[in-house]
> 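Submitted below is the structure of interest, expressed as structure tokens.
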Amino acid sequence: MRAGMIDMESNTTLVQNFPAHEAMPDGRGPFPAVVIFHDRFGLSAHVRGVANRLARAGFYALAPNFYALPTSFASVAPEFMRGLTVGFFDYADEAAAVERAATLTDERAEVVFRQAFRYLATRSRARSGPFGVLGFSMGGRLAFLAACVAPEYVRACVGFYPAGLGDDAAVHPGQSDPLARAGDLLAPLRLFFGRLDTTIRDVQRERIRSRLMELGRDFRIEVFPEAGHDFFCSERQTYRIRASKVAWEETLALFGSALGGF
């Protein structure tokens, strides 16, 4: 397995306009690909580790930094965001992470994930054609959004405790609940929640379930009774071994079947 930071936009300078963590199995490939959408803490060691785990499982994994500001955007970014170079936040800085997540508009997120999609299309070791998307918390909502606005690219979608999905009141200015766009969703979907999650209400989950059933989509929602938010992050006290193991196995099973195996 090989992994490291790259720029998803080729240029001749040392400035990374679209930084991302890339991980791929050893060998020539091509390998089925997955794009990872980080949580409110950014492109942390945990998220990079998830990409590495996917690579060890046989996938080409790409985890963009949604908080990076390319030079083309920095000149028109709000004043308080200019010069912001933080790639990720420490877990002790929850308030700062939440504040930064609130500034990530759907428009900006779409610029980044579409750049990731274009980048994958140029990689000889990434299998051509649609790929999978995987998101955590804030990133779970964005992965769902990507599957809706770019269904021609996304063949499978997995969301771990997607914050803001199914709840307009939980999103910030410039953001939206992508459930309203679920009519464009084509990819099979897996969503994992914790029953003890105080940030995602039962009514949200039922709203998601009802809408997807109404549309006849291929989906599964799994709720782990012993888990709360961030149950998949082994670096936090919220980590739950059983829920993480089951959700990870189901994630690999979906990607393995939807993306054509290895």
Side-chain angles (χ1 to χ4, degrees), residues 18-20 35-44 47 63-70 72-74 76-82 84 86-89 93-117 133-151 153-154 157-185 187 189 191-194 197-212 215 217 219 221 229-230:
F18 289 96
V35 178
I36 302 167
F37 294 64
H38 63 66
D39 60 15
R40 62 201 178 281
F41 293 102
L43 190 54
S44 63
V47 175
N65 179 2
F66 285 89
Y67 287 167
L69 298 180
S72 60
F73 178 78
V76 296
E79 184 66 34
F80 73 95
M81 292 176 63
R82 297 177 189 176
L84 183 62
V86 174
F88 63 91
F89 294 86
D93 296 328
E94 172 92 26
V98 169
E99 182 178 8
R100 181 65 180 91
T103 69
L104 179 62
T105 65
D106 290 349
E107 180 181 11
R108 172 64 190 147
E110 185 170 350
V111 168
V112 176
F113 67 65
R114 285 193 180 275
Q115 183 67 31
F117 297 170
V133 293
L134 166 64
F136 300 90
S137 190
M138 166 190 91
R141 183 185 68 85
L142 293 176
F144 190 100
L145 175 65
C148 293
V149 302
Y153 287 106
V154 180
C157 177
V158 177
F160 282 68
Y161 28 88
L165 182 61
D167 188 359
D168 281 324
V171 294
H172 301 277
Q175 302 174 0
S176 64
D177 176 9
L179 190 62
R181 309 183 70 161
D184 297 321
L185 179 71
L189 178 70
L191 299 175
F192 303 110
F193 297 93
D197 191 341
T198 58
T199 65
I200 299 176
R201 301 168 297 160
D202 289 342
V203 66
Q204 286 177 247
R205 293 192 293 267
E206 290 311 308
R207 190 176 296 134
I208 297 167
R209 188 191 308 275
S210 296
R211 179 58 175 157
L212 295 175
L215 293 169
R217 294 300 180 257
F219 77 99
I221 293 177
H229 206 71
D230 296 330

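Numbers for residues simply follow the sequence, beginning at 1.
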> Tell me the closest heavy-atom pair linking Leu212 and Ala182, and the distance in Å.
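Heavy atoms only, the tightest pair is CD2-CB, 4.3 Å.
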> What verdict does the side-chain contact (heavy atoms from CB on, under 4.5 Å) test give for Phe219 and Arg209, after you've listed the backbone C-alpha separation in whole Å, the side-chain angles of each residue and the deciding distance to 0.1 Å?
CA-CA 9 Å; Phe219 77 99; Arg209 188 191 308 275; 4.0 Å; yes
> Can you tell me how far the CZ atom of Phe37 sits from the CZ atom of Phe160, to the nearest 0.5 Å?
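It comes to 14.5 Å.
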> When you compare the side chain of Glu110 with that of Leu145, does any pair of heavy atoms fall below 4.5 Å?
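No, every pair of side-chain atoms sits at 4.5 Å or beyond.
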> Measuring from atom CD of Gln115 to atom CZ of Phe18, what distance do you get when rounded to the nearest 0.5 angstrom?
4.5 Å
> Answer yes or no: is there a side-chain heavy-atom contact under 4.5 Å between Tyr161 and Thr199?
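No. Closest side-chain heavy atoms not under 4.5 Å.
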> With rounding to the nearest 0.5 angstrom, report the OG to CG distance, Ser44 to Asp39.
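Here the rounded value is 5.5 Å.
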> Nearest heavy-atom pair of Pro162 and Ile200: which atoms, and what distance?
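Looking at all heavy atoms of both residues, the closest pair is O-CD1, 3.7 Å.
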> Can you see which heavy atom on Ala163 is nearest to which on Met138, and at what distance?
CB-N, 4.2 Å
> Between Ala143 and Gly135, what is the shortest heavy-atom contact and its length?
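Residues Ala143 and Gly135, closest heavy atoms: CB-N, 3.9 Å.
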> Thinking salt bridges, do Arg211 and Asp177 make one under a 4.0 Å N-O criterion?
no
> Which pair of heavy atoms, one from Phe136 and one from Ile36, lies closest together, and at what distance?
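Residues Phe136 and Ile36, closest heavy atoms: CE1-CG2, 4.2 Å.
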> Do Ile208 and Leu191 make a side-chain contact, defined as non-hydrogen atoms from C-beta onward lying under 4.5 Å apart?
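In short, these two side chains touch, coming nearer than 4.5 Å.
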> List the steps, then state whether side-chain contact (heavy atoms from CB on, under 4.5 Å) holds for Phe88 with Asn65.
CA-CA 9 Å; Phe88 63 91; Asn65 179 2; over 6 Å; no
> Test side-chain contact (heavy atoms from CB on, under 4.5 Å) on Ile221 and Phe192 and set out the steps.
CA-CA 6 Å; Ile221 293 177; Phe192 303 110; over 6 Å; no
> Keeping the roles fixed (side chain from Glu206, backbone from Val203), state whether a donor-acceptor pair exists under 3.5 Å.
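Looks like no, no N/O pair under 3.5 Å.
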> Assess, by modelled atom type and distance only, whether the side chains of Ser210 and Arg207 contain a donor and an acceptor separated by less than 3.5 Å.
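Per modelled atom types, Ser210 and Arg207 side chains form no pair under 3.5 Å.
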> Measure the CZ-CG distance between Arg201 and Asp167 for me, rounded to the nearest 0.5 Å.
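The CG atom of Asp167 is 4.5 Å from CZ of Arg201, to the nearest 0.5 Å.
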> Heavy atoms only: give me the nearest Val154-Ala146 pair and the separation to one decimal.
CG2-O, 3.9 Å
> Mind checking whether Leu104 and Leu142 have side chains closer than 4.5 Å, heavy atoms only?
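Result yes, sub-4.5 Å side-chain heavy-atom pair found.
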> How about Phe41 and Glu94: do any of their side-chain heavy atoms sit closer than 4.5 Å?
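In contact.
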> Between SG of Cys148 and CG of Leu185, what distance do you get to the nearest 0.5 Å?
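Reported to 0.5 Å precision, the distance equals 5.0 Å.
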> Contact between Leu165 and Pro178 at the side-chain level, heavy atoms closer than 4.5 Å - yes or no?
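Yes, side chains in contact.
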> Looking at Phe89, does the NZ or CZ of Arg40 lie under 6.0 angstrom from its six-membered ring centre and within 45 degrees of the ring axis?
no
> Is there side-chain contact between Asp106 and Arg141, with heavy atoms separated by less than 4.5 Å?
yes
> Under a 4.5 Å cut-off applied to non-hydrogen side-chain atoms, are Val149 and Arg181 in contact?
yes
> Can you check whether Phe66's main-chain N or O pairs, donor with acceptor, with His38's side chain at less than 3.5 Å?
yes
> Give, for atom CG of Asp93 and atom CD of Glu99, the distance between the pair rounded to the nearest 0.5 Å.
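Reported to 0.5 Å precision, the distance equals 11.5 Å.
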